J.: 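I have a structure here, written as structure tokens, and I will follow up with some questions on it.
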Amino acid sequence: MKHIAAPRGTVDILPPETSEWQALEAIIDEVATRFGYREIRTPIFESTEVFVKPIGEGTDIVDKEMYTFVDRGGRSITLRPELTAPVVRAALEHNMLQHLPLKLYYRGPIFRYERPQRGRFRQAHQWGVECFGAPGPEADAEIISLGLDVMKAIGITDYRLEINSLGCEACRARFREALIGYLNRNVARLSETSQDRLARNPLRILDSKDPRDQDVMSGAPTMDAYLCAACQEHFATLRTLLEAMGIRALHNPHIVRGLDYYTRTVFEISSSALGAQNSVCGGGRYDDLVKSMGGPDVAGVGLAMGMDRMLMLARSSGLARDRDGKSLQIAFVPLDEASTRALVPVMHEVRQHGIAADMDYTRRSIDKQLRTAGESGARYAVIVGEDERRNGEATIQNLATRERTRVELGQVASELTRRLEV
RNA sequence: GUGAAUGUAGCUCAGCUGGUUAGAGCGCCGGCCUGUGAAGCCGGAGGUCGCGGGUUCGAUACCCGUCAUUCACCCCA
């Protein structure tokens, strides 16, 4: 009905809901800090090249999902579709990799040009962590446990954690060759899209949902058989460490992830409560990424979690609703214009004492004002009308017991402070 | 990019096979109650029926297009 609406795939987040976001953001900050990560904020847009090579041509993100445009200076700019590549770019730009390990976390909007549906938007929100300079599986384990801690803190218990190893560059190359050989012999039985993928990105056929592809894959060579000794040990140790922390992870050899930069460990957290887009979290190790972006040979591992989907899960398990903070403590109730103005300095003083206070400026009747005050969750109302004003007083009413007391205007702030502390 | 369903008040929805000034519940505002929160009763505001075209004497309804939403595919957070 209104003529201008928010662009397709974007939403306005309105007041009761913004409290949930603030709660989620606070949890992320707390947990990440507790694990030794510090926040980094990078630009919403980057030079297009930041994403193309690292994520990989042939991936859907690069081929059809990026918001790319030429700015007024003729530069190709892209709204970030993820944050690992920008974080690496920033780390290199500011020589942050001289002090290892480097542990960073982020949260904020990402943009992908996709058809919206349940759990998928053109502007979405992710938080994530990146750990540089830690090649061992302890770092992988730490990151997975960090992600699960945030989920736990917001009350999400219904999920599935799956892990896999893609091997290092050497073993992946051998596996890739074997896989291509097998697929070429069975190309006729593959789905059309997978036949197309065979040439461009064959590993992605592994996690295809098409039953024809799954049928073909059931007889395909598996990554496990091609892992070198070092990669095997890395993966086995990771599983041992997770188990030692009481974390249950399922080994799913078909997980490959949609970005090209992963090596060795990859993992996903998904939930059946989300609909078709059932993944809340994805991550893994990217030991060659920093080097490929022109930096030193530094290992990395990280995760990204979808905040929009996390809140969907928190709501479906019924645990996030009470996070709507009704923080008002004092409601000022003036009964006429002169009283409104007499209360301005009084309310100011109360607020200076750190007490959350608000006044109804609409000149409504006392009935309506008290009703609103009661619904707001405030503990006291401060009422001033002609009668109180004549005596330089105010009526303080306890909104729960309805008990009323008269105090001098000058005493309102100290009286309220005293009462709220008790 | 493909497919399907749906667009009527702030919200949830009626509106019979096309027929005059488009309705309800909830919410909002006001009154009953000249200064105390409930319930009830009474009243009020709020709609270019998503938008554009077509058929018709007449369209919220039928047809075409378009935009948006929802769900699914693809893929992912």
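Since the structure is predicted, the reported quantities are computational estimates derived from the model, not experimental observations. Just so we're on the same page: letters track the sequence lines, and every chain starts at 1.
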J.: Not counting sequence neighbours, list each pair that qualifies as a ring-ring contact (aromatic ring centres under 6.0 Å, His included) and has a residue in residues 17-39 of chain A.
T.: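 Qualifying pairs, neighbours excluded: Trp21(A)-His125(A).
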
J.: Under 3.5 Å, which N/O atoms of the protein pair with N/O atoms of nucleotides 72-74 of chain B?
T.:
residue	atom	partner	partner atom	Å
rA72(B)	OP1	Ala276(A)	N	3.1
rA72(B)	OP2	Gln117(A)	NE2	3.2
rC73(B)	N4	Arg120(A)	NH2	3.4
rC74(B)	N3	Arg120(A)	NH2	3.4
rC74(B)	N4	Gln117(A)	OE1	3.4
rC74(B)	N4	Arg120(A)	NH1	3.0
rC74(B)	N4	Arg120(A)	NH2	2.4
rC74(B)	N4	Gln277(A)	NE2	3.4

J.: Between rG15(B) and rU8(B), how many Å separate the two C1' atoms, rounded to a whole number?
T.: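 That atom pair is separated by 9 Å.
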
J.: Indicate, with a heavy-atom threshold strictly under 4.0 Å, whether Glu388(A) touches base, sugar-phosphate, or nothing.
T.: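 The answer is base, as Glu388(A) lies within the cut-off (heavy atoms under 4.0 Å) of a base atom.
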
J.: May I ask you to say what Ile110(A) touches in the nucleic acid, namely base, sugar-phosphate or nothing, with a heavy-atom cut-off under 4.0 Å?
T.: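 Here Ile110(A) touches no strand at all.
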
J.: Looking only at the side chains, is there a donor atom on one of Thr265(A) and Asp140(A) sitting less than 3.5 Å from an acceptor on the other?
T.: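 Indeed, the side chains of Thr265(A) and Asp140(A) share at least one donor-acceptor pair under 3.5 Å.
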
J.: Return whichever of Val384(A) or Arg112(A) has its heavy-atom-nearest nucleotide of RNA chain B closer to the 5' end.
T.: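 Per heavy-atom nearest nucleotide, the more 5' residue is Val384(A).
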
J.: Rounded to whole Å, please give me the gap between CE in Met312(A) and C1' in rA77(B).
T.: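 Nearest whole value for this atom pair: 11 Å.
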
J.: In the structure shown, which nucleotide is the Watson-Crick or G-U wobble counterpart of rG18(B), with both distances under 3.5 Å?
T.: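 Matched rG18(B) with nothing under the 3.5 Å cut-off.
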
J.: In whole angstrom, give me the gap between the P atoms of rG23(B) and rG46(B).
T.: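 So the two P atoms sit 14 Å from each other.
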
J.: Between rU36(B), rA77(B), rG35(B), which one does the side chain of Glu386(A) approach most closely?
T.: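 That would be rG35(B).
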
J.: Without swapping roles, check the side chain of His94(A) against the backbone of Ala90(A) for a donor-acceptor pair under 3.5 Å.
T.: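 Yes: the side chain of His94(A) pairs with the backbone of Ala90(A).
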
J.: Give me the distance, rounded to whole Å, that separates rU12(B) from rG50(B) when you measure between the P atoms they each carry.
T.: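 Approximately 15 Å lies between the P atom of rU12(B) and that of rG50(B).
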
J.: Rounded to the nearest Å, what distance is computed from the CG atom of residue Asp387(A) to the C1' atom of nucleotide rG35(B)?
T.: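 Between C1' of rG35(B) and CG of Asp387(A): 9 Å.
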
J.: State whether Phe51(A) and Arg80(A) meet the cation-pi test: NZ (Lys) or CZ (Arg) under 6.0 Å from the six-membered ring centroid, and within 45° of the perpendicular axis.
T.: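 Not satisfied by the 6.0 Å and 45° rule.
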
J.: Both distances below 3.5 Å, Watson-Crick or wobble geometry, any strand: find the nucleotide opposite rG3(B).
T.: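 With both distances under 3.5 Å, rG3(B) matches rC71(B).
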
J.: When the nearest nucleotide of RNA chain B is assigned to Val11(A) and to Gly374(A) on a heavy-atom basis, which residue is associated with the more 5' position?
T.: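 The 5'-side residue here is Gly374(A).
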
J.: For the C1' atoms, the ones on rU55(B) and on rG65(B), what distance do you get once it is rounded to whole angstrom?
T.: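 That atom pair is separated by 15 Å.
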
J.: Is a donor from one side chain sitting under 3.5 angstrom from an acceptor on the other, for Thr405(A) and Arg419(A)?
T.: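 Judged by distance alone, the side chains do pair up.
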
J.: For Arg402(A) and rG37(B), give me the distance from atom CZ to atom C1', rounded to whole Å.
T.: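 Arg402(A) atom CZ is separated from rG37(B) atom C1' by 5 Å.
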
J.: Can you tell me if Arg176(A) uses its side chain to pair, donor with acceptor, with the backbone of Cys171(A) under 3.5 Å?
T.: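 Checking the backbone N and O of Cys171(A) against the side chain of Arg176(A), no donor-acceptor pair under 3.5 Å is found.
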
J.: Work out how far the P atom of rC28(B) is from that of rA39(B), and round it to whole angstrom.
T.: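 Going atom to atom, P in each nucleotide, I get 10 Å.
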
J.: Suppose you measure atom P in rG18(B) against the same atom in rC62(B); what distance do you get, rounded to whole Å?
T.: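 Straight-line distance between the two P atoms is 8 Å.
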
J.: Is it the case that atom CD in Glu30(A) sees more than 12 heavy atoms from other parts of the structure closer than 6.0 Å?
T.: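 Counting other residues, nucleotides and ligands, CD of Glu30(A) exceeds 12 neighbours.
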
J.: Expressed as a whole number of Å, how far does the P atom of rA72(B) sit from that of rA14(B)?
T.: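 Rounded to whole Å, the distance is 23 Å.
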
J.: Ignoring hydrogens and geometry, is there a side-chain-to-backbone donor-acceptor pair from Asp308(A) to Ala124(A) under 3.5 Å?
T.: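 It does not hold such a pair.
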
J.: To the nearest Å, give me how far apart NE2 (His125(A)) and C1' (rA77(B)) are.
T.: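 In whole Å, rA77(B) C1' lies 11 Å from His125(A) NE2.
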
J.: Which part of the nucleic acid, if any, lies within reach of Gly283(A) when heavy atoms closer than 4.0 Å are counted: base, sugar-phosphate only, or nothing?
T.: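 Nothing: the residue Gly283(A), judged by heavy atoms under 4.0 Å, touches no strand.
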
J.: Given the structure, check if the side chain of Gln397(A) and the base of rG37(B) hold any donor-acceptor pair shorter than 3.5 Å.
T.: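 Indeed there is one.
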
J.: Using the P atom on both, measure rA24(B) against rA9(B) and round to a whole Å.
T.: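 Roughly 14 Å separates the two P atoms.
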
J.: Rounded to the Å, how far apart are Glu268(A) CD and rA77(B) C1'?
T.: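 Taking atom C1' of rA77(B) as the reference, CD of Glu268(A) is at 10 Å.
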
J.: Does the structure show a Watson-Crick or G-U wobble partner for rG43(B), both distances under 3.5 Å? Name it, or say none.
T.: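 Checking every strand shown, rG43(B) finds its partner in rC29(B), with both distances under 3.5 Å.
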
J.: Remember a base hit wins even if backbone is also touched, and classify Asp336(A) as base, sugar-phosphate or nothing at under 4.0 Å, heavy atoms.
T.: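 Answer is nothing: Asp336(A) stays at 4.0 Å or more from every strand.
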
J.: Assign a letter to each nucleotide of nucleotides 27-32 of chain B from its 5' end: B, base within under 4.0 Å of a protein heavy atom; S, sugar-phosphate only; -, no contact.
T.: -SSS--

J.: For Gly136(A), is there any backbone N or O sitting under 3.5 Å from a side-chain donor or acceptor partner on Arg285(A)?
T.: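 Confirmed, Arg285(A) side chain pairs with Gly136(A) backbone.
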
J.: Is it true that Asp360(A) and Thr362(A) share a donor-acceptor pair across their side chains at a distance under 3.5 Å?
T.: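 Their side chains do contain a donor-acceptor pair, which is all the 3.5 Å distance test asks for.
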
J.: What is the minimum heavy-atom distance between Cys281(A) and Phe267(A), and which atoms define it?
T.: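 That closest heavy-atom pairing would be SG-CE1, 4.2 Å.
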
J.: Mind checking Gly128(A) for me? I need base, sugar-phosphate or nothing, with any heavy atom below 4.0 Å counting as a touch.
T.: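 If one applies the 4.0 Å heavy-atom cut-off, Gly128(A) turns out to touch nothing in the nucleic acid.
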
J.: Under a 3.5 Å cut-off for both contacts, is rU66(B) paired Watson-Crick or G-U wobble with anything, and if yes, with which nucleotide?
T.: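 Result: rG50(B).
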
J.: Give the rounded distance in Å between these two atoms: CZ of Arg80(A) and C1' of rA77(B).
T.: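 Distance check: Arg80(A) CZ to rA77(B) C1' gives 13 Å.
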
J.: Which whole-number value in Å describes the distance from Arg8(A) CZ to rG50(B) C1'?
T.: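 After rounding, the gap between these two atoms is 14 Å.
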
J.: Could you please name the partner base of rC13(B), counting Watson-Crick and G-U wobble pairs only when both distances are under 3.5 Å?
T.: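 The answer is rG23(B), by the H-bond criterion.
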
J.: Met66(A) has an atom CE; how far is it from atom P of rG1(B), in whole Å?
T.: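 Atom-to-atom, Met66(A) to rG1(B), this comes out as 17 Å.
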
J.: Any luck finding a side-chain donor-acceptor pair between Glu130(A) and Thr84(A) under 3.5 Å?
T.: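 Yes, side-chain donor-acceptor contact under 3.5 Å.
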
